[in-house]
Amino acid sequence: MRESRERAGLSQAQLAARSGVAQPNIAAYESGRRHPSAAMVDRLQAAMRPLPREALERHRDELKDLASEFGLSNIRVFGSVGQGTDTTESDLDILVTRSPNIGLLAIAEFTIAAEELLGVPVDVVTDGGLPMDHPIRQSAVAA
C-alpha cells in the first residue's frame, strides 16, 4: 500500500483527507500491524487516483498535442475541474473546437486516448453545435 500511495504522490495525511480514513490506520496498514478489508483497500485505492485537475496539470501540453493529432483545438475545461471542485470520483469535462473534416469517430478515439494519457475519465463536447450563450461555453476556461 505504501508503494501505491507514494506512486500517487500522496503523504499519509493527504490520503487520510481524501479517503476519510484516519492517518494512524493508514500507517498501521502500511506497517502490517493491521490488515485492511477488501472494501477498505478499494476505498484507499480510489482515494489514490489523481484528481482530474492534477492529471491535467501534469499532462496539459501532451493533451493539447494529442488533441491536435485528432484535428481538435481550443481545448477548454468546464464542470467540476473548471470550478475547482473536482474529486477523485470526478471526470474531466473538455470543450473542443473540431476541424471541419473531423467526425464522431475521431472524437471518440481522442476521448479514449485522453483517458489513457490522464488516467481519469474524460467527457468531450464540441463547441460547434452550442450557442454562444450556452452554459458550457459560458463556464469553460482555457486548459
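- Between the R18 side chain and the L44 main chain, no donor and acceptor come within less than 3.5 Å of each other.
- A donor-acceptor contact shorter than 3.5 Å links the side chain of S99 to the backbone of G71.
- Under the 4.5 Å side-chain heavy-atom criterion for ILVMFWY residues, a single connected hydrophobic cluster contains both I75 and I107.
- Following chains of ILVMFWY side-chain contacts shorter than 4.5 Å, one can reach L10 starting from V21, so the two form part of one hydrophobic cluster.
- Side-chain atoms of E54 come within 3.5 Å of backbone atoms of L51 as a donor-acceptor pair (strictly under, hydrogens ignored).
- Residue pairs that meet the side-chain hydrogen bond (donor to acceptor under 3.5 Å, both in side chains) test with at least one member in residues 126-143, sequence neighbours left out, are R76-D127, T97-D127.
- L95 and V122 fall into different hydrophobic clusters, where Ile, Leu, Val, Met, Phe, Trp and Tyr residues are linked whenever their side-chain heavy atoms come under 4.5 Å apart, directly or through other members.
- Taking each heavy atom of A113 and F70 in turn, the nearest pair found is CB-CE1, 4.3 Å.
- R5 places none of its side-chain heavy atoms less than 4.5 Å from the side chain of Q14.
- Using a 4.5 Å cut-off on side-chain heavy atoms (C-beta onward), Y29 and M40 make contact.
- Side chain of S68 to backbone of K64: no donor-acceptor contact under 3.5 angstrom is found.
- Closest non-hydrogen pair, P50 versus V120, comes out as O-CG1, 3.6 Å.
- Minimum heavy-atom separation, R33 to P24: NH2-O, 4.2 Å.
- Counting heavy atoms from C-beta outward, L63 and I94 have side chains that approach closer than 4.5 Å.
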Step-by-step side chain to side chain contact (heavy atoms under 4.5 Å, CB included) determination, M48 to R7:
CA-CA 9 Å; M48 285 185 243; R7 226 176 307 124; over 6 Å; no
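- The two residues D91 and S80 come nearest to each other via the heavy atoms O-OG, 4.1 Å.
- Taking 4.5 Å as the limit, some side-chain heavy atom of I102 sits within range of a side-chain heavy atom of L72.
- Looking only at distances, no side-chain donor or acceptor of E30 sits under 3.5 Å from a matching main-chain atom of A27.
- A 4.5 Å side-chain heavy-atom check between S73 and R98 finds every atom pair outside the cut-off.
- The CG atom of L117 sits 9.5 Å away from atom CG of L56, with the distance rounded to the nearest 0.5 Å.
- Put simply, V81 and V141 are part of the same group of oily side chains (I, L, V, M, F, W, Y) that touch within less than 4.5 Å, one to the next.
- Residues D93 and V125 are not in side-chain contact: their nearest non-hydrogen atoms beyond the backbone lie 4.5 Å or more apart.
- Comment: R43 does not engage E89 in a salt bridge, judged by the lack of any side-chain N to carboxylate O separation of less than 4.0 angstrom.
- In plain terms, the two heavy atoms of S19 and A47 that are nearest each other are CB-CB, 3.6 Å.
- Contact detail for V77 and L92: the closest heavy-atom pair is CG1-CD1, 3.8 Å.
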